Amino acid sequence: MKLLLTALEKRTLHRKLAVGFVLMLLISLGIGIEGLFSQRTLTADLRMLYQKDMLGLSNAKDAQIAFTTIGRTIRQAIIAPDAAGRDLALTELAAAHDRLPKEIEALRPTLIREENRKNLARFEENYAAYFRGVDSAVAILRSGRVAEAQALVASTEFQKPGSAANAALTSLSDIKEAGAKKQIEAAMELADQSTWHSALLLLGGLVVGLLLWLLVARSVATPLGRLRDAVEEIAAGKFDHVVPHRDYDNEIGALARSVAVLQSEAQKMEAQRWVKTHQAAISNELQLATNFTDLANTFLSKVAPLIKIGHGVFYIYEQEQRRLRLLGSYAYRERKNLDQYFNLGQGLVGQCALEGEPIILTQPPADYIHIGSALGEAAPHAIAVLPVMRNERLLAVIELATFGSFGTNEQALLDGLMPILAMSLEILERNVKTQQLLQETQRQAENMEKQAARLEEQTVELE
């Protein structure tokens, strides 16, 4: 069921509806075919019943009536009071005798049971003997010997073949009636079975249709529910949440890919917001620094938790001495061949200052630098050495180390902070120079005041 549901989820809605329509059409076609087959079978059974049993039974009844008429009319002829009555009875007898063979011939093709064929043969044999007696009685009557005819008709020899013929014909009719009844019962049973089959097929069709509807509905609702959950996660700020069903080649897949595009744009906007927010916050903090050491420590302390660095150092460039001096650090422990100063081109720091380009080092030597805490220490995974430039003038170099890696957001934050840091350094540098000039001016003013006071004192002494 799970595999079927997964397969349905990947199909287009058009194909799902087409499959459902075809299945329902096949079910309807099956119900129709079963109904037609049952109707055809029932019609064939009813036709057989009519042609073999009902028609044959009618012929058998007509033959019985004709046979009974022969027996009745011969007796009427014997007891007729006059010649006219006798002739009328004999005319009816002749008509019945003519009709009976026709009914027998019509009955013969409808006999499908061997027992009835034997009954018919027995009837014909006994009827032939019986009618010979009837012919004899008629001949005697026509000769005027009524008493002799009465004796013949009343004799056992005359009545025995007639009784046998009547019994054979009665047995044939009874068998025909029983067969017709059985055929009718079979037809009714077939009709009932057809009704039940149709009802079962309809019920099965309803169940299959319901299951198909549930499967199609679930194959649409389930992935849509997952997409809804993904959208809610993204709306809640979890932009790294995986959008499902992007590989589906249907409407769900198209919707999932659209959501993924929105997620990507949201990630970019969130990254930009994150970078700009922290750039503004750090810029404000840097503006509060009153000296280079505070500036360096503020920068490292604010940047460290954002980009998850475990170690950081800040070198300021002394232009007159053309060297880099260690100004501040973060989580600093130890370095192989530690120097407080770096000349241009010396080590990674000096090389970065010389080239004016960032240097990113992954998997540094195990003895180069360690990031440590109270629980232990280990070598970093990546080291970034970044120059701080202002109008192509080197102001400082920053070295950062982390256990992880510098991601896109972290790199964007550092790239955006470097110009801000450079501007802050330049402003602080100007402020320091201005302060130094003010102090120098104050010293010169004080010296001039002192010199003026001495000149005044010397003038007074001379007077």
Side-chain angles (χ1 to χ4, degrees), residues 282-283 285-362 364-373 377-390 392-403 406 410 413-415 417-433 435-436:
I282 294 175
S283 176
E285 294 291 335
L286 294 179
Q287 291 177 10
L288 301 177
T290 58
N291 56 65
F292 292 109
T293 302
D294 288 343
L295 182 70
N297 291 331
T298 298
F299 177 81
L300 292 175
S301 63
K302 297 300 179 182
V303 168
L306 297 177
I307 61 176
K308 298 179 178 59
I309 64 172
H311 167 87
V313 287
F314 193 113
Y315 290 91
I316 191 169
Y317 179 61
E318 296 178 341
Q319 190 170 4
E320 295 181 357
Q321 291 81 8
R322 294 183 58 79
R323 67 180 182 181
L324 295 160
R325 175 171 61 86
L326 181 64
L327 185 63
S329 64
Y330 176 85
Y332 171 77
R333 290 198 64 173
E334 113 183 73
R335 178 197 298 275
K336 182 181 179 182
N337 301 323
L338 173 64
D339 286 321
Q340 296 291 324
Y341 298 94
F342 279 96
N343 294 322
L344 296 179
Q346 181 183 0
L348 290 178
V349 175
Q351 189 64 33
C352 176
L354 180 63
E355 296 178 357
E357 296 292 337
I359 298 176
I360 306 297
L361 182 65
T362 58
D367 61 346
Y368 179 74
I369 190 174
H370 282 178
I371 299 175
S373 68
E377 61 181 28
H381 180 269
I383 295 175
V385 185
L386 308 173
V388 181
M389 309 286 291
R390 180 70 173 174
E392 297 184 358
R393 184 169 74 91
L394 179 67
L395 299 177
V397 173
I398 299 171
E399 182 179 8
L400 306 173
T402 178
F403 283 130
F406 296 100
E410 290 78 6
L413 178 63
L414 289 175
D415 292 342
L417 284 176
M418 290 301 103
I420 296 174
L421 179 60
M423 183 178 64
S424 299
L425 280 171
E426 191 174 49
I427 292 173
L428 187 58
E429 183 180 53
R430 291 175 182 175
N431 291 340
V432 170
K433 288 182 178 179
Q435 188 67 29
Q436 289 176 350

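From a predicted model like this one, the values you see are computed outputs, not experimental measurements.
Between the side chain of Thr402 and the main chain of Lys308, a donor-acceptor pair closer than 3.5 Å is present. With hydrogens and angles ignored, the 3.5 Å screen pairs a side-chain donor or acceptor of Asn291 with a backbone N or O of Asp294. Between the side chain of Gln346 and the main chain of Asn343, a donor-acceptor pair closer than 3.5 Å is present. A side-chain donor-acceptor contact under 3.5 Å links Ser301 to the backbone of Thr298.
A cation-pi arrangement, defined by a distance under 6.0 Å to the six-membered ring centre and an angle within 45 degrees of its axis, is absent between Arg325 and Tyr341.
The nearest pair of heavy atoms linking Val349 to Val385 is CA-CG1, 4.1 Å. Minimum heavy-atom separation, Asn297 to Gly328: OD1-CA, 3.5 Å. In terms of heavy-atom proximity, Ala353 sits nearest to Leu344 at CB-CD2, 3.7 Å. Nearest heavy atom pair, residue Gln340 against residue Tyr315, reads O-CE2, 4.1 Å. The two atoms that bring Pro387 and Leu394 nearest to each other are CB-CD1, 4.3 Å, heavy atoms only. Among all heavy-atom pairs drawn from Met389 and Ala422, the shortest one is O-CB, 3.1 Å.
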>> Walk me through whether Leu324 and Leu327 qualify under side-chain contact (heavy atoms from CB on, under 4.5 Å).
In response: CA-CA 9 Å; Leu324 295 160; Leu327 185 63; over 6 Å; no
>> For Leu386 and Cys352: C-alpha separation, side-chain torsions, deciding distance, then whether side-chain contact (heavy atoms from CB on, under 4.5 Å) applies.
In response: CA-CA 7 Å; Leu386 308 173; Cys352 176; 5.7 Å; no
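A salt bridge links Arg430 with Glu426: at least one charged nitrogen is closer than 4.0 Å to a carboxylate oxygen. Between Arg390 and Glu429 there is no salt bridge, since no side-chain nitrogen of the basic residue lies less than 4.0 Å from a carboxylate oxygen of the acidic one.
With Val388 as reference, Ile398 is the one residue of Leu417, Ile316, Ile398 to meet the side chain to side chain contact (heavy atoms under 4.5 Å, CB included) rule.
Atom CZ of Arg322 sits in a sparse spot, with 12 or fewer heavy atoms from other residues, nucleotides or ligands closer than 6.0 Å.
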